[in-house]
Amino acid sequence: MGVSGGERSRSPVDSLLVPHFVKTPYTLPVRDIAHRPGEMREHTLDIIVPETLGAGPIAVPQGAALHLDVRLEGLHEGILVSGTAEAEAVGQCSRCLIDISEPVEVDFAELFTYDASEDSDYEVHDDHVDCEPVVRDAVVLALPFQPVCRPDCPGLDPVTGERLADVGERDAPEDLDPRWAALSGLRVDERAAAEQTDSETDRTN
């Protein structure tokens, strides 16, 4: 039996061209509030981070615990997603290079629109919203660009590479002009010669 144009079955090629919505640990259903302005739902998620959040000297690593308190609000144009994300970031002090960790707590809010033609970076897909990109952006922007183990971290000794917080402050070494290095050796030789002369004089006497 033939199939009319309006009832034509989708070919495998057509299916490949249609984007498929894939759920993630950050995905939440919105079917019960979609197109119902004024409706609100709250969710609490405890996620094991599937991919590292951040790429700098400090980040929330893959496998870390991430706590989310999320509020979903139905609007005429879409779903307003807002909430708070809490996690522990780990990395290195940018001054002394020791391992550090610090808590991250950040707020986020974005509108997921129903219509793809709307001027929005986020959309409702198959009655779900995926909070992953919103949470990722919020967490990454909250991470310090140059993390430190403490605000007054003195860093590393420029000569020995030791951590100054462990060895204490030291007097800065005297900078010697390399052009005077040879004269420094001559002064040592003159002092040794003078000491030898004094020793010979004492033996003579």
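Remember, it's a predicted structure, so these values are computed and weren't measured experimentally. Side chains are part of it too, since the values below use all heavy atoms of this structure and drop only hydrogens, waters and symmetry mates. The first residue of the sequence shown is numbered 1, and numbering continues consecutively from there.
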Subject >> Minimum heavy-atom distance Leu156-Gly161, with the two atoms named >> reply: CD2-O, 3.7 Å
Subject >> Step-by-step side-chain contact (heavy atoms from CB on, under 4.5 Å) determination, Val70 to Ser82 >> reply: CA-CA 6 Å; Val70 186; Ser82 61; over 6 Å; no
Original post:
What about Leu75 and Phe112, same hydrophobic cluster or not, with Ile/Leu/Val/Met/Phe/Trp/Tyr joined at side-chain heavy-atom distances under 4.5 Å?
Top reply: no
Original post:
Does a side-chain heavy-atom distance below 4.5 Å link Cys149 with Glu102?
Top reply: no
Subject >> Spacing of Asp152 atom CG and Arg95 atom CZ [to the nearest 0.5 Å] >> reply: 8.0 Å
Subject >> Contact summary for Ala34 and Ile79, nearest pair of heavy atoms >> reply: CA-CD1, 4.3 Å
**OP:** Answer with yes or no whether the hydrophobic clustering places Val135 together with Val140; edges join I, L, V, M, F, W, Y residues whose side-chain heavy atoms lie under 4.5 Å apart.
**Re:** no
Subject >> Nearest-0.5 Å distance that lies between atom NE2 in His43 and atom CG in Leu68 >> reply: 12.0 Å
Original post:
Less than 4.0 Å between a side-chain N and a carboxylate O, is that true for Arg136 and Glu51?
Top reply: yes
**OP:** Give me the ring orientation class for Tyr114 and His35: parallel if the planes are under 30° apart, tilted from 30 to 60°, perpendicular past 60°.
**Re:** parallel
Subject >> Check: Gln62 and Pro50 side chains under 4.5 Å, non-hydrogen atoms >> reply: no
Original post:
Are any non-hydrogen side-chain atoms of Val30 and Val124 less than 4.5 angstrom apart?
Top reply: yes
**OP:** Could you check if a side-chain atom of Asp32 sits within less than 4.5 angstrom of a side-chain atom of Arg41, using non-hydrogen atoms only?
**Re:** yes
Original post:
Are Leu72 and Tyr122 linked, directly or through other ILVMFWY residues, by side chains that come within less than 4.5 angstrom of each other?
Top reply: yes
Subject >> Point-to-point distance, once rounded to the nearest 0.5 Å, from OG1 of Thr160 to CD of Glu162 >> reply: 3.5 Å
Original post:
What distance do Ile100 atom CD1 and Arg150 atom CZ have between them, rounded to the nearest 0.5 Å?
Top reply: 13.0 Å
Subject >> Sequence-distant partners of Tyr26, ring-ring contact (aromatic ring centres under 6.0 Å, His included), two or more places apart >> reply: none
Subject >> Side-chain heavy atoms of Asp115 within contact of Glu77, under 4.5 Å >> reply: no
**OP:** Measure across His67 and Thr44 and return the closest heavy-atom pair with its distance rounded to 0.1 Å.
**Re:** CE1-CG2, 3.3 Å
Subject >> Path from Leu45 to Phe108 over hydrophobic side-chain contacts below 4.5 Å >> reply: yes
Original post:
For Asp99 and Gln92, what are the C-alpha separation, side-chain angles and deciding distance, and is it a side-chain contact (heavy atoms from CB on, under 4.5 Å)?
Top reply: CA-CA 5 Å; Asp99 293 337; Gln92 283 188 324; 3.9 Å; yes
**OP:** Side-chain contact test, heavy atoms from C-beta onward, threshold under 4.5 Å: evaluate it for Pro29 versus Asp127 and give yes or no.
**Re:** no
Original post:
What pair of heavy atoms forms the shortest contact from Ala138 to Asp107, and how long is it?
Top reply: CB-O, 4.1 Å
Original post:
Just wondering, do Leu66 and Asp46 contact through their side chains at under 4.5 Å, heavy atoms?
Top reply: no
Subject >> Nearest non-hydrogen partners of Cys96 and Arg163, listed with the distance >> reply: SG-NE, 3.1 Å
Subject >> Residue pair Leu111 / Gly78: nearest heavy atoms and the distance that separates them >> reply: CD1-C, 4.0 Å
Subject >> Asp126 side-chain N/O to His128 backbone N/O, donor-acceptor pair under 3.5 Å >> reply: no
Original post:
In the single-linkage hydrophobic clustering (I, L, V, M, F, W, Y; side-chain heavy atoms under 4.5 Å), do Val90 and Ile47 co-cluster?
Top reply: no
Original post:
Rounded to the nearest 0.5 Å, what separation is found between the CD1 atom of Ile58 and the CD atom of Glu88?
Top reply: 8.5 Å
Original post:
Got Thr84 and Val106 here, is their nearest side-chain heavy-atom distance under 4.5 Å?
Top reply: no
